[in-house]
Each structure stands twice: as structure tokens, then as C-alpha cells.
Amino acid sequence: YRVNRMMSQAQRIVTDLFGLFLAEPDTLPPIWRERAEARSEPQRRARVVCDYIAGMTDTYAIDEHRRLFNLDRWA
């Protein structure tokens with residue numbers, strides 16, 4: 001069950017990051033934002049987002065997810 005929980009967390013992190021970056025390319029780092037915005041076709045923009053996420057280490061993806069989705073600091 002521990003492995004399944006870790007897999008579930010990993011899937012949620014990647015899904016959340018992908019959805020955010022695709023919907024709001026301005027949340028991407030500048031060079032990746034430019035690449036995403038230069039692609040008018042949805043599949044090409046999605047490919048840029050996929051490439052960006054694929055280049056993340058596990059630790060970086062987790063930290064980025066915390067920075068973007070953790071609302072505790074606003075409370």
C-alpha cells in the first residue's frame with residue numbers, strides 16, 4: 001500500500017503541474033513560457049509542457065508543486 005500511495009502522489013503531482021502549466025503558461029520559467037506561447041496548436045503546446053516536466057528531478061517537481069499549490073502560506 002505504501003508504494004501505491006507514493007505512485008498516487010507522483011501521478012497527482014505530475015497531473016497538477018501539467019494542468020497548471022498548460023492552462024497558465026505564464027507560470028512557466030521565461031524560456032519555457034516563450035516556447036509554449038509560440039505554439040498555437042494545443043498538441044504542440046502540450047508537448048512543450050511535457051518536455052519541461054520530463055526534465056524535472058523528482059525533488060524539483062515536488063518542490064515546484066508545493067510552491068504552486070500550497071496555500072498554507074496565504075492563510
Side-chain angles (χ1 to χ4, degrees):
Y1 80 96
R2 289 182 191 155
V3 172
N4 289 335
R5 285 183 179 186
M6 286 176 27
M7 291 285 292
S8 177
Q9 287 175 333
Q11 289 173 342
R12 195 166 34 259
I13 288 169
V14 171
T15 299
D16 288 349
L17 290 174
F18 179 80
L20 177 67
F21 293 145
L22 192 60
E24 301 176 31
D26 57 323
T27 58
L28 288 163
I31 192 154
W32 289 96
R33 181 182 64 238
E34 291 170 11
R35 291 177 187 173
E37 289 175 343
R39 310 301 193 271
S40 58
E41 299 162 6
Q43 296 91 349
R44 290 182 181 248
R45 182 174 289 188
R47 178 81 264 163
V48 171
V49 172
C50 285
D51 289 345
Y52 176 64
I53 293 171
M56 292 180 169
T57 64
D58 294 347
T59 303
Y60 182 75
I62 292 165
D63 290 343
E64 191 74 348
H65 188 271
R66 282 188 186 129
R67 280 190 289 274
L68 293 167
F69 291 95
N70 184 358
L71 301 178
D72 289 343
R73 64 183 176 182
W74 296 100

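In what follows, residues are counted from 1 in the order of the sequence shown.
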Colleague: Under a single-linkage definition using a 4.5 Å side-chain heavy-atom cutoff for Ile, Leu, Val, Met, Phe, Trp and Tyr, are Ile62 and Val3 assigned to the same hydrophobic cluster?
Modeller: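 No, Ile62 and Val3 fall in different hydrophobic clusters.
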
Colleague: Kindly give the heavy-atom pair with the smallest separation between Ala36 and Arg45, and that separation in Å.
Modeller: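 Looking at all heavy atoms of both residues, the shortest contact is O-NE, 3.0 Å.
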
Colleague: Once rounded to the nearest 0.5 Å, what's the spacing between atom CG of Asp26 and atom CG of Leu20?
Modeller: 8.5 Å

Colleague: Output the distance between atom CZ (Arg47) and atom CD (Glu41), rounded to the nearest 0.5 Å.
Modeller: 14.0 Å

Colleague: Minimum heavy-atom separation for Trp32 to Val48, with atom names?
Modeller: CZ3-O, 3.6 Å

Colleague: When you measure from the side chain of Arg39 to the backbone N and O of Arg35, does any donor-acceptor pair fall under 3.5 Å?
Modeller: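 Between the backbone of Arg35 and the side chain of Arg39 there is a qualifying donor-acceptor contact (under 3.5 Å).
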
Colleague: Over 60° means perpendicular and under 30° means parallel, so tell me whether Tyr60 and Tyr52 are parallel, tilted or perpendicular.
Modeller: perpendicular

Colleague: Less than 4.0 angstrom from a charged side-chain N to a carboxylate O is my criterion; do Arg12 and Asp16 meet it?
Modeller: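 Salt bridge: no.
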
Colleague: How about CG on Asp58, more than 12 heavy atoms from neighbouring residues, nucleotides or ligands closer than 6.0 Å, or not?
Modeller: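 Counting other residues, nucleotides and ligands, CG of Asp58 stays at 12 neighbours or fewer.
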
Colleague: Should Ile31 and Leu22 be regarded as members of a common hydrophobic cluster, given that ILVMFWY residues are connected when their side-chain heavy atoms come within less than 4.5 Å of each other, either directly or indirectly?
Modeller: yes

Colleague: Can you tell me how far apart CD (Gln11) and CE (Met7) are? Round to the nearest 0.5 Å.
Modeller: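 Rounded to the nearest 0.5 Å, the CD-CE separation comes to 5.5 Å.
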
Colleague: Write down the atom of Arg33, the atom of Pro25, and the distance for their closest heavy-atom approach.
Modeller: CG-O, 3.2 Å

Colleague: How long is the straight-line distance from OG1 of Thr57 back to CG of Asp63, given to the nearest 0.5 Å?
Modeller: 8.0 Å

Colleague: Are any non-hydrogen side-chain atoms of Phe69 and Leu17 less than 4.5 angstrom apart?
Modeller: yes

